[in-house]
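All values below come from the heavy atoms of this structure, side chains included, with hydrogens, waters and symmetry mates left out.
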Amino acid sequence: MEFGTKESLILLIRKSIILNELTTNLKVDEYDDFSHVFFSKNLLTSISIWNIINPAQMTLPEISEAPIKFYDSSSAFTLTRNLFESYANMYYLLVDNKSQEEKEFKFLLWKRHWRDERRKISDSRGIYHAKLVEEEQQILEIEKKLSTNRFYIALSDKQKEYFKKRKNWATLNLIERAKRTVINENKVFYMYKFLSNYAHSESFAIMQYNSINNALDDQNLLKGVPIIYTESLLALTIDIFKSHFNKVKEFIEKDDFLKQNIIWSLNYMSKKK
């Protein structure tokens, strides 16, 4: 089968749903559980992109007697950007570690960050909940563990001050995190620059949207980047995920499509063009 096509993408999604079902509700450690959360999230994002590529028909008799399909390349690009960032973060947290101490350090920052973000959101709306008090205590416990973490202790004073700020959860920005994955640096820059324009509705994206003259133009835009990159990023997610679940590894070993798809995705993403 040829990869990077609608046929191979939907087959990868279908097999991913099976992998997700095989690994749901298992007793695992926090890192395995974390890989499952990322995999599930990336799978759902891929399904959403697929639904945009294949929109449902809508009947609007006031406009046309024939059913209408609305093609939305802009939203597909935005979700592809989301998938790209999610994969980069998954790799950064689970793979890009020189020691167990570094891995633990990153996870402590991550767990502190989401709790602090929930507090900020609640504060912005003037919402009080007893859970926030509980989570503030959890943050304090996390910060105690951080202070004794060997990776943190080895940091410079300047770096330690940086990570005392609860908003700072990563040692690298997104583009630097992505460069450390299997994705070629040129592809990283292309995906980040091109897709971020759509995610943030910046001038380039609006200009591109304005240049679409008809549904066929928008439909054609969905045949390239959303299909190829969604398939590749989902396959790369599976490649990380399989190292956390023997059931997934065993399933892939018996499935030629998944094996070849992961190999294709690794080769495609590692190339300059």
Side-chain angles (χ1 to χ4, degrees), residues 1-21 37-64 66-90 174 178 181 183 187-239 241 257-258 261-262 264-265 268-269:
M1 173 180 282
E2 185 180 353
F3 297 115
T5 65
K6 286 181 69 173
E7 293 75 19
S8 58
L9 173 57
I10 190 58
L11 184 54
L12 181 63
I13 287 173
R14 289 178 182 276
K15 288 181 181 289
S16 296
I17 293 171
I18 296 172
L19 295 179
N20 189 269
E21 183 66 22
V37 171
F38 260 111
F39 171 64
S40 300
K41 183 265 174 199
N42 289 359
L43 170 57
L44 287 172
T45 302
S46 299
I47 292 171
S48 294
I49 294 170
W50 174 258
N51 288 334
I52 292 173
I53 294 169
N54 301 275
Q57 291 184 338
M58 183 180 294
T59 302
L60 293 171
E62 300 88 349
I63 298 175
S64 171
I68 301 172
K69 287 185 178 181
F70 294 94
Y71 294 94
D72 183 10
S73 59
S74 180
S75 293
F77 291 144
T78 299
L79 284 174
T80 306
R81 162 64 164 74
N82 183 279
L83 191 60
F84 163 70
E85 182 170 358
S86 183
Y87 166 72
N89 288 345
M90 183 184 189
L174 173 58
T181 68
I183 305 174
K187 273 197 173 74
V188 165
F189 182 79
Y190 168 76
M191 280 195 287
Y192 177 80
K193 193 65 179 173
F194 176 72
L195 298 173
S196 291
N197 272 283
Y198 287 93
H200 303 299
S201 296
E202 294 184 357
S203 59
F204 171 81
I206 299 303
M207 176 276 293
Q208 290 282 89
Y209 182 80
N210 191 50
S211 68
I212 297 172
N213 296 312
N214 51 58
L216 183 60
D217 287 346
D218 213 18
Q219 187 177 1
N220 287 334
L221 286 173
L222 292 169
K223 293 179 180 178
V225 167
I227 291 176
I228 296 170
Y229 284 100
T230 298
E231 183 171 339
S232 300
L233 290 167
L234 180 56
L236 294 184
T237 298
I238 294 171
D239 194 42
F241 183 57
F257 171 82
L258 284 174
N261 196 291
I262 291 171
W264 174 82
S265 297
Y268 175 78
M269 283 298 202

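At a cut-off of 3.5 Å, with distance as the only test, a side-chain donor of Ser8 or Thr5 sits close to an acceptor on the other residue. No hydrogens or angles considered: nothing links the side chains of Asn54 and Lys69 as a donor-acceptor pair under 3.5 Å.
For the pair Ser86 (side chain) and Asn82 (backbone), a donor-acceptor distance under 3.5 Å is absent.
Put simply, OG on Ser40 and CG on Asn20 are 4.0 Å apart, with the number rounded to the nearest 0.5 Å. Separating the CG atom in Leu83 from the CG atom in Leu44 is a distance of 11.0 Å, to the nearest 0.5 Å. Between atom CD1 of residue Ile227 and atom CD1 of residue Ile49 there is a gap of 10.5 Å, rounded to the nearest 0.5 Å. One finds the CG atom of Asn42 at 10.0 Å from the CD1 atom of Ile238 (value rounded to the nearest 0.5 Å). Between atom CG of residue Leu19 and atom CG of residue Leu258 there is a gap of 6.0 Å, rounded to the nearest 0.5 Å. Leu234 CG to Leu9 CG: the interatomic distance, rounded to the nearest 0.5 Å, is 7.5 Å.
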When you look at Leu195 and Tyr229, which way does the side chain to side chain contact (heavy atoms under 4.5 Å, CB included) test go after all the steps?
-> CA-CA 11 Å; Leu195 298 173; Tyr229 284 100; 5.9 Å; no
Determine, stepwise, if the pair Tyr192 / Glu85 fulfils side chain to side chain contact (heavy atoms under 4.5 Å, CB included).
-> CA-CA 9 Å; Tyr192 177 80; Glu85 182 170 358; over 6 Å; no
Pair Tyr198-Ser73, side chain to side chain contact (heavy atoms under 4.5 Å, CB included): steps then yes or no = CA-CA 10 Å; Tyr198 287 93; Ser73 59; 5.7 Å; no
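For the pair Ile68/Ile63, a side-chain contact is recorded, criterion being any heavy-atom separation below 4.5 Å from C-beta on. The closest side-chain heavy-atom distance from Leu233 to Ile183 is below 4.5 Å. Counting heavy atoms from C-beta outward, Arg81 and His200 have side chains that approach closer than 4.5 Å. Using a 4.5 Å heavy-atom threshold, the side chains of Met191 and Val225 count as separate.
The aromatic rings of Phe39 and Phe241 lie parallel to each other, with less than 30° between the two planes, well short of the 60° mark.
More than 12 heavy atoms of other shown residues, nucleotides or ligands fall within 6.0 angstrom of atom CZ in Phe3. Within a 6.0 Å sphere centred on CZ of Phe257, heavy atoms belonging to other residues, nucleotides or ligands number more than 12. Around CD of Glu2, the count of heavy atoms belonging to other residues, nucleotides or ligands within 6.0 Å does not exceed 12.
Contact detail for Thr181 and Ala178: the closest heavy-atom pair is OG1-O, 2.6 Å. A pairwise comparison of heavy atoms in Ser16 and Leu43 identifies CB-CD1, 3.6 Å as the closest pair. In terms of heavy atoms, Ala235 sits closest to Ile262 at O-CG1, 3.9 Å. Glu231 approaches Gly4 most closely through the heavy-atom pair OE1-N, 3.1 Å. Nearest heavy-atom pair, Leu79 versus Ser48, reported as atom, atom and distance to 0.1 Å: CD1-CB, 3.9 Å. Taking all atoms of both residues into account, the shortest heavy-atom contact from Ile53 to Pro226 is CD1-CB, 4.2 Å.
A cation-pi arrangement is present between Lys187 and Tyr268, with the terminal nitrogen or guanidinium carbon under 6.0 Å from the aromatic centre and inside a 45° cone about the axis.
Listed by first then second residue, pairs satisfying salt bridge (Lys or Arg N to Asp or Glu O under 4.0 Å) with a partner in residues 48-64 number zero, not counting sequence neighbours.
Aromatic rings from Phe84 and Phe77 are positioned such that their centres are separated by 6.0 Å or more.
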